[in-house]
Amino acid sequence: NAGVTQTPKFRILKIGQSMTLQCTQDMNHNYMYWYRQDPGMGLKLIYYSVGAGITDKGEVPNGYNVSRSTTEDFPLRLELAAPSQTSVYFCASRPGGGDRGYTFGSGTRLTVV
Amino acid sequence: QKEVEQNSGPLSVPEGAIASLNCTYSDRGSQSFFWYRQYSGKSPELIMSIYSNGDKEDGRFTAQLNKASQYVSLLIRDSQPSDSATYLCAVTAESGNTPLVFGKGTRLSVIA
């Protein structure tokens, strides 16, 4: 099993550009999450999904959008990129049942210039 | 707002010593607690979970939970240089849909 796969690993965007961060998991997990991590900071939740067709905002959703059309995929869309969105983005998933930790993808390092 | 607090460190311990990492949380309804290890430039990996008051041991790692004091800790026995990393404490309010809330992490340095 590949686990949680994120692409791309690195990206440089110019201010105002848009892009989609891809996240795919092959573990048939219902729950998927997007976090961002700034230097010296913990993980902040952007969006999450409890199943296909269901998404909800986290702590820092502004400037982002998500969709969940399948169990496997949970892409994160950045519209009109801003320097404040420079960060490392992690996608994670877990199976149903609350007492389970997350499996994280390897992350996407995004720089907006 | 639910908060998870950790001392950012760095916490420096000599090789072979016990490293003690601490975490407090604000939501008294929290039920599930996790410790993740994150090496520099890598993604977090789960090392321990604990749900009941008391101690839980897994190899060199022991997680301790005290819900009355809203406190969770991680002990690493016989610390090795390979344990040098940032340790993230994560808490969720209830079993089910609630996402994890992460602390900022404690950076541990094990000196050979």
Side-chain angles (χ1 to χ4, degrees), chain A residues 2-7 9-10 21 23 25 27 29-51 54-61 66 68 74 87-110, chain B residues 1-10 21 23-27 29-52 56 58 61 63 65 72 74 85-107:
Chain A
V4 180
T5 302
Q6 289 185 240
T7 57
K9 294 190 184 303
F10 304 94
L21 281 64
C23 177
Q25 54 92 8
M27 299 172 284
H29 287 175
N30 289 330
Y31 298 84
M32 296 188 74
Y33 308 86
W34 276 105
Y35 286 85
R36 59 176 287 174
Q37 186 175 39
D38 299 319
M41 304 295 288
L43 294 155
K44 293 188 176 181
L45 182 66
I46 306 171
Y47 272 96
Y48 67 103
S49 169
V50 301
I54 305 170
T55 62
D56 208 347
K57 295 179 180 179
E59 181 184 359
V60 289
V66 294
R68 184 92 182 273
F74 190 40
S87 189
V88 180
Y89 292 83
F90 289 105
C91 179
S93 73
R94 70 168 178 85
D99 300 341
R100 305 289 184 94
Y102 296 175
T103 299
F104 281 87
S106 58
T108 295
R109 186 175 296 274
L110 175 67
Chain B
Q1 181 163 340
K2 300 168 186 174
E3 294 183 344
V4 177
E5 299 289 340
Q6 295 181 256
N7 189 322
S8 61
L21 305 163
C23 172
T24 59
Y25 57 94
S26 63
D27 184 0
S30 300
Q31 295 192 11
S32 300
F33 307 86
F34 303 88
W35 283 99
Y36 286 81
R37 178 176 62 199
Q38 185 175 26
Y39 293 113
S40 181
K42 301 295 186 182
S43 58
E45 57 177 324
L46 179 66
I47 55 172
M48 288 288 289
S49 59
I50 187 167
Y51 314 111
S52 303
K56 179 181 178 183
D58 184 0
F61 298 99
L65 176 60
V72 59
L74 179 70
T86 296
Y87 289 80
L88 302 170
C89 174
V91 175
T92 188
E94 59 184 285
S95 296
N97 298 342
T98 309
L100 290 177
V101 178
F102 286 83
K104 294 181 180 180
T106 298
R107 188 158 59 91

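Throughout, a chain's letter reflects where its sequence line sits, starting with A, and its residues are numbered from 1.
Rounding to the nearest 0.5 Å places OH of B/Tyr87 at 5.0 Å from CZ of B/Arg37. Of the inter-residue distances, the one linking B/Tyr36 atom OH with B/Ile47 atom CD1 reads 10.5 Å to the nearest 0.5 angstrom.
Residue contact with chain A, scored on non-hydrogen atoms closer than 4.5 Å, is absent for B/Glu45. Within the 4.5 angstrom heavy-atom criterion, atoms from both the backbone and the side chain of A/Leu43 approach chain B. Using a 4.5 Å cut-off between heavy atoms, A/Tyr102 contacts chain B through both its backbone and its side chain.
Comparing B/Gly103, B/Ser8, B/Pro44 by heavy-atom pairs within less than 4.5 Å of chain A, the highest count is held by B/Pro44.
Applying the side chain to side chain donor-acceptor pair (under 3.5 Å) criterion to A/Ser106, with sequence neighbours excluded, gives A/Lys9. Listed by chain and residue number, nothing satisfies the side chain to side chain donor-acceptor pair (under 3.5 Å) test with B/Arg107 (two or more places apart in sequence, or in another chain).
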